[in-house]
Asks: 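The structure under discussion is supplied below as structure tokens; questions concerning it will follow.
Quick note on labels: first sequence line is chain A, next is B, and so on, each numbered from 1.
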Amino acid sequence: MNHRYDHQTVEARWQKTWEDSGIYRSRVDWTKPKHYALTMLPYPSGDLHIGHWYAMTPSDARARYMRMKGYNVLFPMGFDAFGLPAENAAVQANIHPWTWTYSNIERMRRQLGSMGTMIDWSREAVSCTPEYYRWTEWFFARLYEAGLAYRGKALVNWSPTLQTVLANEQVIDGKDERTGQPVVQRMMEQWFFRITDYAEELLEFDGIDWPDPVKAMQTNWIGRSEGARVRFSVEGGEDIEVFTTRPDTLHGATFMVLAPEHPLVDLLTTPENAEAVAGYRAQAAGRSELQRTDLTMEKDGVATGGYARNPVTGQWIPVWIADYVLMSYGTGAIMAVPAEDERDWAFAERYDLPIVRTVQPPADFEGKAYAGDGPSINSDFLDGLYMVEAKEAMIRWLEDQGHGKRAVQYRLRDWLISRQRYWGSPIPVIYSQDGTMELVPDALLPVELPEDVEFMPTGRSPLTYHEDFLNTLGSDGRTATRETDTMDTFMCSSWYQLRYLSPDYAEGPFDPEEGAYWLPVDVYTGGAEHAVMHLLYTRFFTKAMRDMGLYGPTSERMRAHGRDPEGMFDEPMIMLRNQGQVLGEERPGDSVIAEGRMEGDRLYAESVTVVSDPADLPASGKAVAGEIIGRTERVMKVLPIGSQQAVTVEVLPDAEVRIAAIPGDNTVSQLRHRLDVQRMSKSRGNVVNPDDLVEEFGADTVRTYLMFAFEWEKGGPWDSRGIRGSQRFIVDFWRLGRSDYQAADTDADATASLRRTAHQAITKVGDDLERFRWNTAVAELMKLRNALNNARVERNVDPEAWQEAMSILTLLLAPIAPHVTEEVWHSLGNTGSVHLQPWPEADERAAAEEIVTMVVQVNGRVRARLEAPVDISESEALEVALAAPNVARHVKGRPIRRVIDRRPRLLNLVV
RNA sequence: GGGCGAGUGGCGGAAUUGGUAGACGCGCUGGGUUCAGGACCCAGUGAGCAUUGAGCUCGUGGAGGUUCGAGUCCUCUCUCGCCCACCA
């Protein structure tokens, strides 16, 4: 105990030993059950941040636990290495994306090494290497052949900032999800994958254990609606088809609205309206997605002058165009039923269009449009029918009369994979001069990215002006041009779990022999932010591969080894768990003066002044002045000076803001920034650097703290003091391992008690690790540490029991803190790695309690806690309970009417 | 606006099926040790009342309900978070 625990030396030594002995190499072994543990691969942005540690080290701990439980575990790692940041670095700093990416990867590999994980680096895959993207291209070719990849003209999301199109999933609130810059709609010819073909199957989550929120998000995103397609005829023109979820309200369709981009607009527009229509279309085209979807904006539109015939009423109704109708959903046209749809009501009101109720609203209904259920009215043969029956009756009528049919519509759009960027996997397609297109033959894959490229500050992809890349020959020997778009990087990550199986395999994307053993992924961990992107794409990819027969050889190998391939390739990952986010540290001490109007106990602040020191607050006259005790975005909880009751202060968007620490005029967004402790970011100065933590505390302490500090799936704010508790735990454990335990007066009870704590811990920690409950697992281990510490001081435990408990603690802690446990394992006199040991078996008898606390309640309220043997009889229990003075006092001699007997833990006397 | 989730000490969080609320840790308080600080050790720590016999009351956002018994179940309500959002 005269030595300090030198984590730096110990951790480095064991990391080297493990690497040299190759204990983390995983090999196929059909005699053992397999376990494929996967954690989302990082983008090589340059530095590993605390979030990577938070996601990866518990996953590593669980993989280690599974190995101790007897599984043959694969825990690989790689890099999702294509993407825009590399290209931006190239433009800004004149570094080639290769150089930038590779130096980052190198750095991150080192940092990953410092975590002490059991990653099998021989399985590493990097998506930007030709060996990898050869197969990304190969998959594209297969999808193309299967009709699942197609090139089409569509209105797409164009980001002027990034100079590329984006998938629907990458656009949030009309802004690019990465940079937050607005996105505009453009009509472009692009490559798509037919993910919509799988919409129905993607809604099923049978047989997979995924978190409910992720399933809900995907379901929501796919957005299945049932209804009908209805055709409205146009005099001398093509029919207008609409999709509606409310065919029962067809009698109330008093006008139609087309998206401004709808192809029939030109045909419908009368000469008198031509100018207005052209003007409106131009205006809509110029609006950003953000403006077009702004809900506060009043709906506007113009009449085309054309009319269509409502098939059920026979009436001719006017056709309008408006940009609240989206070209990308349904047919790009709607039948407007103002009485039963709020948007249509607003539009009808504004342009004085007729409104006919077809559903009787309840008597107390006061609103305008009524979208609820009710008996049909003004609807001829539907009158009196409620929604469900009316829908069915109308669909039957439409099908009988040939005016429409039952239909299912999905919100999900096809996956747009083209990117007008250099740093991505090329699309292996060439175009000949006559406009035909052909795939690059498999034998010529990969189409490699040229290295001698120059980046233009315009942001244009260098592939578009690289002559050697562009010019090629078609299969007929004539000159042809290459596709210059590259693929969305989500394409790379849709199949990486397969490449890990055999990153050097050259006969196919992965070795079927490996796939037959390891697939599918058993546990997948990562952030929930990928719920509707990566996690949806990879499911689609797996199902498409299955249907294209790409798992054929793997199935064959499975059968050869006696494993049934049935259902093995329906889903990529069986179990999914999402970690939360580590947030910036709470920053106490700010005080605030806020003025505004008070409504209830909430202040809507029109003016806000933030000071760092409450002494700076002027005495009075303000609506609220006090310390900020809670904050989220624009809402703060403020404890007024001298008050016990906190006040909620909501800062209005246009409030006047002064922040003492930031000179000059301040804005609400600065305030939000100042108050928002949510995310770590460099500009907020609240970033925690894992490298520094590892240097100061050691990887084991950081790992333990990250697992102990929060509910893993939730996350929370970093606490720079809290980590000390985990450090103490690790150092205490190391000291216990080195201490030469000498018993003095051994005591049977103390010995049994220590053994009980140890053996109970085996079960509890195992259960917790199984269920990703790291915090309670660590708490249980700390209890065992406390028990051992206590025994060491008291010296009253039998030495053999002490050794046993010490050994149990070492084994149970091994998945969480791999280095210090290895060190202690050896200092306890063991040979061989602790990480190759089996998980200990709990001795039921040692774990069993003999004496427990029996709680005695009178009428459900606790009146005594008595020590009782576990097998106490009812009569005996009653006797000791009634003998307790406090129980007797509350029974007051009344007869016991009922005894609720939960012996030996609880006895409730009802009097 | 719609969907989902969550509110427990000063803080992070515990609490199988309704059965000892606050495990474990941080922080804090008192004491010890130390040249000092840190570290370390011991004791205490939900609130209030009582007290060196005990014990009592309140307490899991709020209001009600079911039950011998509710953090847990039901109804209403408030607040926060996340996702989606003119999706016809």
Asks: Check every strand shown and say whether A:Arg863 touches a base, only sugar-phosphate, or nothing at a heavy-atom separation below 4.0 Å.
Replies: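 The answer is sugar-phosphate, as A:Arg863 gets under 4.0 Å only of primed atoms, P, OP1 or OP2.
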
Asks: Can you name the residues that form a ring-ring contact (aromatic ring centres under 6.0 Å, His included) with A:Phe243, not counting sequence neighbours?
Replies: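 In terms of ring-ring contact (aromatic ring centres under 6.0 Å, His included), with neighbours along the sequence ignored, A:Phe243 is linked to no residue.
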
Asks: With RNA chain B as reference, determine whether A:Gln409 or A:Ile900 sits nearer its 5' end, using the nearest nucleotide of each.
Replies: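 Looking at the nearest nucleotide for each, A:Ile900 comes out on the 5' side.
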
Asks: Would you state whether a donor and an acceptor, one from the side chain of A:Arg861 and one from the base of B:rC56, lie under 3.5 Å apart?
Replies: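 Flag unset: no donor-acceptor pair detected.
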
Asks: By the 4.0 Å heavy-atom rule, please label A:Arg889 as base, sugar-phosphate, or nothing.
Replies: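 Touches sugar-phosphate only.
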
Asks: Looking at RNA chain B, which of residues 779-788 of chain A put a heavy atom within less than 4.0 Å of it?
Replies: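 Residues of residues 779-788 of chain A under 4.0 Å from RNA chain B: A:Ala779, A:Met782, A:Lys783, A:Arg785, A:Asn786.
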
Asks: Would you say the side chain of A:Arg902 and the base of B:rG19 hold a donor-acceptor pair, judged only by whether the two atoms sit under 3.5 Å apart?
Replies: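 Under the 3.5 Å cut-off, the side chain and the base do form a donor-acceptor pair.
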
Asks: Could you go step by step and tell me if A:Asn775 and A:Phe710 meet the side chain to side chain contact (heavy atoms under 4.5 Å, CB included) rule?
Replies: CA-CA 7 Å; A:Asn775 55 345; A:Phe710 323 100; over 6 Å; no

Asks: Checking A:Lys391 side chain against A:Thr245 main chain: does a donor-acceptor pair fall under 3.5 Å?
Replies: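 Here the side-chain-to-backbone pair exists.
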
Asks: Take the protein atom CE of A:Met327 and the nucleotide atom P of B:rA88, then report the distance between them rounded to whole Å.
Replies: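 To the nearest whole Å, that distance equals 16 Å.
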
Asks: Counting primed atoms plus P, OP1 and OP2 as sugar-phosphate and everything else as base, spell out the protein contacts along nucleotides 8-18 of chain B at 4.0 Å heavy-atom distance: B, S or - for each nucleotide, 5' to 3'.
Replies: ----BSSS---

Asks: Decide whether A:Gln727 and A:Glu696 meet the rule of one side-chain donor and one side-chain acceptor closer than 3.5 Å.
Replies: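 Their side chains do not contain a donor-acceptor pair, so the 3.5 Å distance test is not met.
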
